[in-house]
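Per chain, numbering begins at 1; letters A, B, ... match sequence-line order.
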There are 2 protein chains.
Amino acid sequence: MKNEDEPKDKRLKGGDAQKLTMAEVAKYVGVSAMTVSRAFRQDASVSEETRKRIMEAVDALGYVLDLSAGSLSSRRSGFIAALVPSINNSNFSDTARGITDALENTGLQLLLGYTDYSAEKEEKLIEAMLRRRPEGIILTGGSHTDRARRMLDKAGIPVVETWEIPEEPINHVVGFSNSEAMSLLVRSLASQGYRKFGYIGGTTARDTRGSQRRSGFLKTVDELGLGPGRAISFGVPPITMEQGGQAIVSLLERWPDTEVVLCVSDLSAFGAIMECKRRGMSVPGDIAVAGFGDYEISSVCHPSITTINVDCYGIGRQAAVRLLDALQGSGEAAGDEITLTSYRVVLRESTQRSAQ
Amino acid sequence: MKNEDEPKDKRLKGGDAQKLTMAEVAKYVGVSAMTVSRAFRQDASVSEETRKRIMEAVDALGYVLDLSAGSLSSRRSGFIAALVPSINNSNFSDTARGITDALENTGLQLLLGYTDYSAEKEEKLIEAMLRRRPEGIILTGGSHTDRARRMLDKAGIPVVETWEIPEEPINHVVGFSNSEAMSLLVRSLASQGYRKFGYIGGTTARDTRGSQRRSGFLKTVDELGLGPGRAISFGVPPITMEQGGQAIVSLLERWPDTEVVLCVSDLSAFGAIMECKRRGMSVPGDIAVAGFGDYEISSVCHPSITTINVDCYGIGRQAAVRLLDALQGSGEAAGDEITLTSYRVVLRESTQRSAQ
DNA sequence: AGGCAGGATGGTATCGATAACAATTCAAGA
DNA sequence: TCTTGAATTGTTATCGATACCATCCTGCCT
């Protein structure tokens with residue numbers, strides 16, 4: 001009764017076999033489609049022997065599970081959406097990596113988008129993502145359009161905002177205060193004896209983390225009684241290394257006696273340092289420079305660059321864990337939490353005071 | 001007890017509205033679900049007036065289209081899958097950006113995965129992606145497991161391999177010969193007068209592009225009669241800047257008279273240069289260094305780094321265009337094509353021969 | 001006037017898997 | 001021996017949108 005003499009040699013040809021469905025696998029094995037479906041999950045109750053036979057058939061036929069059908073009936077898309085400003089920025093791609101890694105073996109897949117630092121683009125992306133019915137969504141920053149907030153609210157899925165502490169969080173938060181982190185860097189350098197502080201970075205509303213770092217800088221310089229901070233702005237994000245170089249030139253033209261320059265990110269700091277060297281200035285001899293983010297480049301660069309180390313990977317990882325928690329124990333712990341991630345000052349050569 | 005029933009401002013207040021369906025929008029407007037469905041497409045025949053009313057209702061109710069349902073019945077997932085070795089590498093994230101940009105306004109969404117330079121991980125990812133029934137798939141490189149090839153073949157969707165020219169292409173190819181590109185760089189530097197060439201990079205099977213560059217180097221040095229090339233290997237990809245620094249130290253210990261060192265990528269070249277400077281050596285005075293990939297860092301660095309510029313963004317963009325072509329004119333031009341992308345030598349300070 | 005093209009809209013049957021529940025088997029305990 | 005229930009498998013009804021075809025209506029041509 002188990003002899004199936006149907007021809008089964010027309011596989012490996014692609015195209016025609018594409019319409020292979022679970023029911024056909026079931027028929028091939030001699031069970032119901034439901035049993036095949038169960039064989040694909042780990043928790044389901046299927047006898048080892050049946051599962052083995054099914055999996056052999058799956059292999060022989062080259063069947064691939066169709067999740068889009070499955071997610072419709074189970075009402076679980078298996079997606080987590082995440083939006084970052086840019087994937088070219090290694091800080092954010094580290095975060096994306098953290099998310100992906102945390103999602104491993106959960107059956108959830110990451111749907112990644114980049115907003116290009118634009119709230120409008122973010123709004124569009126959020127809508128595009130929600131159309132896929134993600135089970136949760138991770139955002140960068142706390143600045144969103146009204147419509148975006150409404151859509152997120154209505155979607156009824158957990159939301160995690162990352163990389164900063166929004167004034168009005170939507171739901172969960174995993175991040176740190178960019179302003180305080182920058183403040184810490186200022187104080188740290190002040191305690192090394194630096195007095196005349198310059199800053200390179202934008203004020204644009206596009207990059208709220210950048211703005212927060214800037215205001216942290218200005219506030220702290222003020223608090224320390226070190227006169228008004230000297231700040232230079234340049235183009236819109238994403239910031240380039242080259243712009244850092246241009247900016248430090250203007251800054252030093254305007255305030256030649258500046259002792260140390262803090263930059264919104266390591267990338268601009270690197271650009272600034274390289275431009276200085278190109279012009280024959282010594283760093284930190286003539287001018288000290290610090291960055292933010294502790295990119296790989298900063299430890300390798302000569303001089304190595306003083307910076308704030310941020311746990312980019314951990315932000316992603318923890319954001320995903322928050323989401324998973326919210327999805328599992330949905331009944332319990334409905335509280336929106338703020339998870340603070342660590343940062344620390346990394347003093348390196350670029351701000352070393354020469355012994356004198 | 002009544003109070004207990006009250007919702008305590010729980011986050012999921014949109015929960016009830018979540019089950020909002022197209023049929024309900026239709027009822028609200030007084031049309032059929034089919035008409036609502038049509039209103040969401042641009043080509044469909046719906047009167048302007050009806051569409052306006054529907055869209056107002058969509059807005060008022062906060063309805064969001066459900067693509068997972070749509071893709072099941074239309075049998076078009078709206079996904080394109082792309083696998084890159086790493087998203088932390090800006091060369092590949094540029095490619096991802098190229099793909100995303102080319103997909104804009106096509107109604108297709110990018111499903112991105114990273115293989116971590118592992119064929120096994122690639123195989124798993126391919127399966128995970130195929131479960132979402134992507135309409136096309138973009139891979140990096142031409143080295144895949146047998147099972148991966150079988151799955152791709154059976155999937156019956158267009159495949160584009162990128163970043164190199166595989167010996168046995170699956171389908172479409174968008175890339176360039178890494179070996180020839182490296183060869184061009186060698187010849188170019190030889191014509192500047194360099195004679196003693198060193199190379200930094202791995203031989204690992206994980207990074208086929210790296211291996212190709214290496215063999216291109218060795219072959220060309222040999223062809224030019226410049227003795228056997230001096231090659232140093234180091235750890236597994238993803239290569240770090242720091243490893244570049246370590247590698248050049250070993251290389252110069254072993255072959256102190258080396259005149260110029262070529263690196264598998266700009267990142268290791270940068271690390272090598274910085275390490276030299278740290279040790280008080282001048283680049284290019286004492287040793288010349290060149291990279292591959294023309295990362296942002298190379299033009300900003302001091303000294304700026306000689307490299308091969310690769311059209312990373314264009315690779316992504318063209319790969320996506322190939323895919324779109326294959327999807328549209330599926331009847332015509334079934335031929336698998338190889339699209340060559342451009343590369344060029346960029347001579348910079350790091351290999352400048354001093355006038356003497 | 002009649003007829004007909006073509007735009008606008010509705011009705012129904014899917015798409016492929018899974019939830020929910022029913023049915024069956026088999027083993028162990030009363 | 002009968003009962004009970006856990007383990008395994010089957011049946012049916014969806015999930016929510018869209019393909020496909022039918023219908024209705026308007027306006028224009030001969």
Side-chain angles (χ1 to χ4, degrees), chain A residues 1-2 17-55 57-58 61-79 107 130-135 155-156, chain B residues 17-55 57-58 61-79 107 130-135 155-156:
Chain A
M1 50 172 66
K2 297 189 170 130
Q18 195 183 0
K19 47 174 55 185
L20 192 58
T21 175
M22 196 174 259
E24 291 166 65
V25 176
K27 185 155 49 157
Y28 183 91
V29 181
V31 296
S32 74
M34 196 60 234
T35 302
V36 177
S37 172
R38 280 193 270 251
F40 271 99
R41 325 164 135 243
Q42 38 185 227
D43 61 312
S45 63
V46 183
S47 75
E48 250 341 291
E49 204 261 331
T50 309
R51 163 176 277 136
K52 191 168 137 268
R53 271 170 51 222
I54 290 176
M55 283 315 170
V58 163
L61 298 172
Y63 171 71
V64 176
L65 194 58
D66 187 333
L67 288 183
S68 53
S71 60
L72 181 58
S73 61
S74 70
R75 242 140 334 162
R76 298 197 46 214
S77 67
F79 279 125
L130 289 181
R131 288 183 170 187
R132 299 288 182 181
R133 297 292 187 269
E135 301 181 31
Chain B
Q18 195 186 357
K19 45 174 58 179
L20 192 58
T21 175
M22 198 174 255
E24 292 167 63
V25 176
K27 185 155 49 155
Y28 183 91
V29 180
V31 295
S32 74
M34 198 58 236
T35 303
V36 177
S37 173
R38 279 191 270 252
F40 271 99
R41 324 163 136 244
Q42 39 185 227
D43 60 312
S45 65
V46 183
S47 76
E48 250 340 291
E49 203 259 330
T50 310
R51 165 176 275 137
K52 194 167 134 268
R53 272 169 50 223
I54 290 175
M55 283 315 172
V58 164
L61 297 173
Y63 171 72
V64 176
L65 194 58
D66 187 333
L67 289 183
S68 53
S71 60
L72 181 58
S73 59
S74 69
R75 244 147 326 168
R76 297 197 46 215
S77 67
F79 279 125
L130 289 181
R131 288 183 169 188
R132 300 286 182 183
R133 297 292 186 270
E135 300 181 30

Rounded to the nearest Å, what distance is computed from the CD atom of residue B:Glu48 to the P atom of nucleotide C:dT9? 10 Å
Phosphate oxygens OP1/OP2 of C:dC15: is one of them under 4.0 Å from a side-chain N or O of A:Ser68? no
Rounding to a whole Å, what distance do you find between B:Arg76:CZ and D:dA19:P? 9 Å
To the nearest angstrom, the CG-P distance between B:Leu72 and C:dT14 comes to 14 Å
How long is the line joining CE of B:Met22 and P of C:dG11, in whole Å? 16 Å
When rounded to the nearest 0.5 angstrom, what is the spacing between CD in A:Glu135 and CZ in A:Arg75? 12.5 Å
Rounded to whole angstrom units, what separation is found between the CD1 atom of B:Ile54 and the C1' atom of C:dA8? 11 Å
Check whether NZ of the Lys or CZ of the Arg B:Arg132 lies under 6.0 Å from the centre of the six-membered ring of A:Phe79 and within 45 degrees of that ring's axis. yes
Does C:dA17 have OP1 or OP2 under 4.0 Å away from a side-chain N or O of A:Thr21? yes
Pair A:Glu48 + A:Arg51, salt bridge at N-O below 4.0 Å: yes
Hey, is the side chain of B:Arg51 poking within less than 4.0 Å of OP1 or OP2 on C:dT9, counting only N and O atoms? no
CG of B:Leu67 to CZ of A:Arg133: how many Å apart, nearest 0.5 Å? 8.0 Å
If you pin A:Ala23 and B:Ser45 to their nearest nucleotides in DNA chain C, which one's is more 5'? B:Ser45
Counting N and O atoms only, with roles assigned by atom type, does the side chain of A:Arg53 sit under 3.5 Å from a partner on the main chain of A:Val29, one being a donor and the other an acceptor? yes
Starting at CG of B:Leu65 and ending at P of D:dA17, how long is that distance when rounded to a whole Å? 7 Å
Which residues in residues 31-40 of chain A have at least one heavy atom lying under 4.0 Å from any atom of DNA chain D? A:Val31, A:Ser32, A:Met34, A:Thr35, A:Arg38
Rounded at 0.5 Å granularity, tell me how far CZ in B:Arg76 sits from OG in A:Ser68. 13.0 Å
Relative to the 5' end of DNA chain C, which residue comes earlier, A:Ser74 or B:Val46, by the nucleotide with the nearest heavy atom? B:Val46
For B:Arg131, answer base if it contacts any base atom (sugar-phosphate contacts may also be present), sugar-phosphate if it contacts only those atoms, and nothing otherwise; contact means non-hydrogen atoms under 4.0 Å. nothing
Pairwise side-chain contact, B:Ile54 with B:Val31, heavy-atom cut-off 4.5 Å (strictly under): yes
Whole Å only: how far is the CG atom of A:Leu67 from the P atom of D:dG16? 18 Å
What is the separation between atom CZ on A:Arg41 and atom P on C:dA17, rounded to the nearest whole Å? 13 Å
Using only side-chain N and O atoms of B:Arg132, determine if any of them is under 4.0 Å from OP1 or OP2 of C:dG16. no
Take A:Ser73 and A:Gly30, find for each the nucleotide of DNA chain D with the closest heavy atom, and name the residue whose nucleotide sits nearer the 5' end. A:Gly30
